[in-house]
Amino acid sequence: MEYLSGIVERITYSNEENGFSVVKIKAKGFPDLVTVVGNLAAVNVGAVLRLKGEWKQDSRYGKQFSAADYRETVPATVAGLEKYLGSGLIKGIGPINARRIVRYYRENTLQIIEESADDLIKVEGIGQKRVEMIKKAWQEQKEIKNVMLFLQSSGVSTAYAVKIFKTYGNESISVVKNNPYRLADDVWGIGFKTADKIAQQLGFDQKSVERCRSGILYVLSELSNQGHCYATSAQLISEAIKILELEDRDIAETLEKMVKERSVILEEDDAIYLPPFYYSEAGTAQRINTILEARPQQPLPGDITPIIRNLQKQHGIQYEEVQKEAIRTAASSKFMVLTGGPGTGKTTIILAIIRIFQKMNRRVLLAAPTGRAAKRLSETSGMEAKTIHRLLEYKPDKGYQRNADNPLECDVLIIDETSMVDILLMYNLLKAVPNEAVVILVGDVDQLPSVGAGNVLKDIIDSRAVKVIQLSKIFRQAQGSAIITNAHRINQGKMPGLKGGRGSDFYFLEEDDPVQIAETIRDLCTKRLPDYYKVNPLQDIQVLCPMQRGETGAQNLNLLLQESLNPSKVTIQYGGTVYRQGDKVMQIKNNYDKHVFNGDIGVIVRINVEDRTLTLRFDGNETEYDFTELDEVVLAYATTVHKSQGSEYPIVVAPLTMQHYVMLQRNLLYTCVTRARQVFVLVGTRKAVGIAVSNDKIHKRNTLLAKRLAEISTDAEAT
């Protein structure tokens with residue numbers, strides 16, 4: 001091992017997941033900055049490091065010092081202190097205030113902050129509010145450093161220290177020492193594998209009940225992230241063996257204990273559930289049945305033909321027979337599903353249903369899973385439409401305020417984009433629906449299912465327990481759209497028309513080189529499409545990708561488009577991502593405190609480097625994020641098709657290549673095409689399109705909702 005000492009001048013890269021960093025240091029005896037690589041996630045610019053490691057020659061990046069360990073000391077020079085404090089180490093001190101403080105206190109700066117921080121008020125531009133912020137941040141960073149050092153000594157990335165400290169505070173180290181597996185349950189972003197790594201370093205028995213229990217819960221949680229509500233015992237034990245590296249006997253014994261204590265729930269069908277998914281699935285089936293059996297507050301009308309006739313005359317519309325049937329079914333049913341693809345008249349029918357119920361003096365509520373979908377429903381209906389979370393008046397500390405004890409005040413509830421609704425949200429929604437109300441679910445069952453667990457819309461349709469109107473005919477006004485006709489061709493397993501041509505709204509650019517595809521997409525988004533259609537590329541163009549990784553994945557395209565579309569020099573770095581003021585971003589985790597949800601797209605309107613905070617705007621509402629919360633946000637110039645559900649964009653650009661082979665499925669391509677409202681541009685190969693169209697094998701999700709509904713319906717008929 002060799003030693004190297006120097007001052008950190010620049011942090012080139014830092015991976016929040018594993019702590020790997022690339023930093024540039026100024027070292028005595030070296031004319032140029034030295035590149036250092038290793039686990040240096042806790043290091044700040046300006047820090048003085050004594051590194052232990054070895055020199056290596058990288059074939060691509062040249063000579064580097066690979067650090068195995070390091071020690072940090074505070075800077076000794078005034079210039080070093082200024083850089084150290086201005087690096088973002090302490091919230092409230094950015095480059096400007098760092099310069100002011102260091103010039104005032106010189107070499108005594110850190111002593112003043114540590115021992116008499118109230119004296120900082122003497123520095124020009126530092127008010128009492130900022131002094132209090134600095135005092136609090138200094139104390140917190142000291143505590144966080146302790147957690148970082150402890151984690152680092154346990155062989156784990158220090159990147160999780162802030163999250164752990166935020167969750168447990170000064171109890172962080174004792175919690176981790178006593179039961180590190182709690183981290184997987186309590187800290188978002190830390191899974192079983194990280195917790196297990198800490199536990200192994202701390203000497204926990206590999207066969208301990210805590211480890212086995214945590215591993216089983218981790219497998220069930222991972223399966224729920226893939227859309228499953230439950231696992232079979234064979235599936236669960238098989239997956240648990242892989243991650244725990246134990247014999248099936250050990251896992252089966254722990255599983256048996258967990259079933260007895262009801263920390264997991266075993267059904268007769270050999271279905272093992274995490275409790276929230278079991279109660280939500282069983283509860284959803286029971287609530288649908290209860291609503292079906294309950295009598296409406298006011299009697300449902302008999303023949304509504306005269307009302308339909310008056311509506312047609314009043315609005316100058318002639319409904320087709322299938323539309324009239326849908327309207328009659330809605331007016332005579334307690335629970336109904338309306339499903340169909342684009343151009344089949346769902347919106348027209350929703351409007352007619354709303355008007356029919358309004359003429360009967362019924363109270364109608366409208367909702368959708370996302371802000372964008374709710375806004376679109378509001379615009380087309382002329383009525384207020386809320387997100388389901390807003391409708392249920394969700395409060396972070398108290399949960400859903402609308403529930404069985406405080407139901408929604410409505411006679412009719414219409415939910416749009418129901419294919420996006422997962423089993424947990426559907427149960428909470430139905431708990432708040434009055435038994436006497438009419439429920440109408442609207443959605444496209446051929447789209448990708450919800451991001452969360454379950455396949456609710458499909459299961460309800462498959463159960464045959466409720467009335468279903470399936471729309472398939474494309475209406476005349478929609479037949480001129482190649483987007484709509486191609487979407488239906490794809491859904492039928494036919495190749496879409498790829499010729500395009502002037503005046504078309506569907507274009508295909510053939511290219512098989514992934515690097516060239518990425519450059520073509522950059523050119524389309526920054527020049528060709530904005531110039532031709534006179535649109536704002538940030539607001540009106542969305543790139544949708546089958547995958548995150550690869551040259552044509554969302555991650556790489558985000559970097560290319562950020563570079564081309566956002567020249568802002570006001571930046572902040574978190575992990576390996578540089579966020580710029582003006583960036584288009586997406587929330588990737590439900591944050592009930594901020595009322596921002598998974599899939600919401602917004603923009604960074606302000607970055608406060610001094611306070612280490614960002615202000616983001618989502619659907620016209622601004623909310624503040626701390627620097628440490630940036631793991632909830634990703635760049636969104638490009639995003640995945642899965643994340644685009646429930647949203648429509650004026651122009652969609654999408655790559656489709658053999659690089660995406662594992663994701664080439666019919667419902668993915670169909671969902672991608674139907675996100676475009678005015679123009680759709682596909683860049684890739686005919687072969688990839690053909691494979692996607694022919695692959696109608698839908699990934700089956702483990703759910704029992706359809707079966708539960710069918711059984712309840714059969715029992716009800718028998719009695």
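Note that the structure is predicted; figures quoted are calculated from it, not measured.
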**Q.** Closest contact, heavy atoms only, Val673 versus Ala487
**A.** CG1-CB, 4.1 Å

Q | For Leu311, the option from Ile317, Ile327, Ile356 that meets side-chain contact (heavy atoms from CB on, under 4.5 Å) | A | Ile356

(Q) Run Arg606 and Glu624 through salt bridge (Lys or Arg N to Asp or Glu O under 4.0 Å) and show every step you take. (A) CA-CA 9 Å; Arg606 280 185 299 280; Glu624 188 174 279; over 6 Å; no

Q.
Could you tell me if the side chain of Thr657 sits less than 4.5 Å from the side chain of Ile517, heavy atoms only?
A. yes

Q: Output, in order, the C-alpha distance, side-chain angles, deciding distance and verdict of side-chain contact (heavy atoms from CB on, under 4.5 Å) for Ile414 and Val364.
A: CA-CA 8 Å; Ile414 299 175; Val364 180; 4.2 Å; yes

Q.
Any side-chain to backbone donor/acceptor pair from Glu281 onto Leu424? Under 3.5 Å, distance only.
A. no

Q. Is a donor on one side and an acceptor on the other found under 3.5 Å between the side chain of Asn566 and the backbone of Gln581?
A. yes

Q. For Tyr394, which residues count as a side-chain hydrogen bond (donor to acceptor under 3.5 Å, both in side chains) partner, sequence neighbours excluded?
A. none

Q. Do side-chain atoms of Gln542 reach the backbone of Glu648 as a donor and acceptor pair under 3.5 angstrom?
A. no

Q. Can you tell if the side chain of Asp512 reaches within under 4.5 Å of the side chain of Met658, non-hydrogen atoms only?
A. no

Q | Asp459 side chain to Thr703 side chain, donor-acceptor N/O pair below 3.5 angstrom | A | yes

Q | Side chains of Leu630 and Leu614 in contact at under 4.5 Å (non-hydrogen atoms) | A | yes

(Q) Return the CG to OG1 distance between Asp422 and Thr284, rounded to the nearest 0.5 Å. (A) 9.5 Å

**Q.** For Lys458, all residues meeting salt bridge (charged side-chain N to carboxylate O under 4.0 Å, His left out), sequence neighbours excluded
**A.** Asp462

(Q) Any heavy-atom pair between the side chains of Asn486 and Phe680 that's under 4.5 Å? (A) no

Q: Please confirm whether the backbone N or O of Asp593 pairs with a side-chain atom of Asn591, one donor and one acceptor, at under 3.5 Å?
A: yes

Q) Looking at side-chain heavy atoms only, is the closest gap between Leu656 and Pro546 below 4.5 Å? A) yes

Q. So how far is it from Tyr649 OH to Ser644 OG, rounded to the nearest 0.5 Å?
A. 5.0 Å

Q | Nearest atoms (heavy-atom pairs only) where Ile484 meets Pro342 | A | CG2-O, 3.4 Å

Q) Counting only heavy atoms not in Lys527, do more than 12 sit closer than 6.0 Å to its NZ atom? A) no

Q. Any donor and acceptor pair, going by atom type alone, linking the side chain of His228 with main-chain N or O of Arg701 inside 3.5 Å?
A. no

Q | Salt-bridge contact Arg402-Glu393 (side-chain N to carboxylate O under 4.0 Å) | A | yes

Q. Hey, is the main chain of Ala638 close enough, under 3.5 Å, to the side chain of Asn558 for a donor-acceptor pair?
A. yes

(Q) Minimum heavy-atom separation for Asp446 and Asn667, please, with both atom names. (A) O-CB, 3.5 Å

(Q) When you compare the side chains of Asp696 and Gln665, does any donor N or O come within less than 3.5 Å of an acceptor on the partner? (A) no

Q) Is there a donor-acceptor pair under 3.5 Å between the side chain of Arg617 and the backbone N or O of Gly602? A) no

Q) Between Arg328 and Glu321, is there a side-chain N and carboxylate O pair less than 4.0 Å apart? A) yes

Q: Kindly indicate whether the side chain of Glu325, heavy atoms from C-beta on, has any atom under 4.5 Å from the side chain of Ile469.
A: yes

Q: Check for a donor-acceptor pair, side chain of Ser224 on one end and backbone N or O of Ser221 on the other, with a separation under 3.5 Å.
A: yes

Q. Do you know which two heavy atoms are closest between Ala231 and Asn702, and how far apart they sit?
A. CA-ND2, 4.1 Å

Q.
Tell me whether Thr685 contacts the main-chain N or O of Ala688 through its side chain, where contact means a donor paired with an acceptor under 3.5 Å.
A. yes

Q: Tell me, with the steps shown, if Asp631 and Ile588 meet side-chain contact (heavy atoms from CB on, under 4.5 Å).
A: CA-CA 9 Å; Asp631 57 350; Ile588 58 170; over 6 Å; no

Q) Nearest 0.5 Å, what's the CG-CG distance between Leu561 and Asp583? A) 11.0 Å

Q. In terms of heavy-atom contacts, does NZ of Lys324 have more than 12 from other residues, nucleotides or ligands at under 6.0 Å?
A. yes

Q.
Under the criterion side-chain contact (heavy atoms from CB on, under 4.5 Å), I'd like the reasoning laid out for Leu557 against Ile521: C-alpha separation, chi angles, the key distance, then a yes or no.
A. CA-CA 8 Å; Leu557 291 174; Ile521 289 174; 4.1 Å; yes

(Q) Working to the nearest 0.5 angstrom, can you tell me the gap between Asp444 CG and Thr671 OG1? (A) 7.5 Å

Q) Does the pair Val543 and Thr639 meet the rule for a side-chain contact (heavy atoms from CB on, under 4.5 Å), with working shown? A) CA-CA 6 Å; Val543 177; Thr639 187; over 6 Å; no

Q. Counting N and O atoms only, with roles assigned by atom type, does the side chain of Asp505 sit under 3.5 Å from a partner on the main chain of Ala482, one being a donor and the other an acceptor?
A. yes

Q | Salt bridge present between Lys594 and Glu629 (N-O < 4.0 angstrom) | A | yes

Q. Can you tell if the side chain of Gln587 reaches within under 4.5 Å of the side chain of Phe597, non-hydrogen atoms only?
A. no

Q) Looking only at heavy atoms, what is the nearest atom pair of Leu538 and Gly582, with distance? A) CD1-O, 4.2 Å

Q | Gap between atom CE of Met586 and atom CG of Leu616 - 0.5 Å precision | A | 13.0 Å

Q | salt bridge (Lys or Arg N to Asp or Glu O under 4.0 Å) evaluation trace for Lys589 with Glu632 | A | CA-CA 6 Å; Lys589 175 203 174 193; Glu632 297 183 12; 3.7 Å; yes

Q: Please tell me if the side chains of Tyr625 and Thr613 come closer than 4.5 Å, counting only heavy atoms from C-beta onward.
A: no

Q: Would you name the heavy atoms of Arg580 and Glu563 that are closest together and state the gap between them?
A: NH1-CA, 4.0 Å

Q) Can you tell me how far the OG1 atom of Thr571 sits from the OH atom of Tyr579, to the nearest 0.5 Å? A) 12.5 Å

Q: Give a yes or no on whether a salt bridge exists between Glu379 and Arg376, defined as a side-chain N under 4.0 angstrom from a carboxylate O.
A: no

Q. With distance as the sole criterion, is a donor-acceptor pair present between the side chains of Gln659 and Thr552 under 3.5 Å?
A. yes

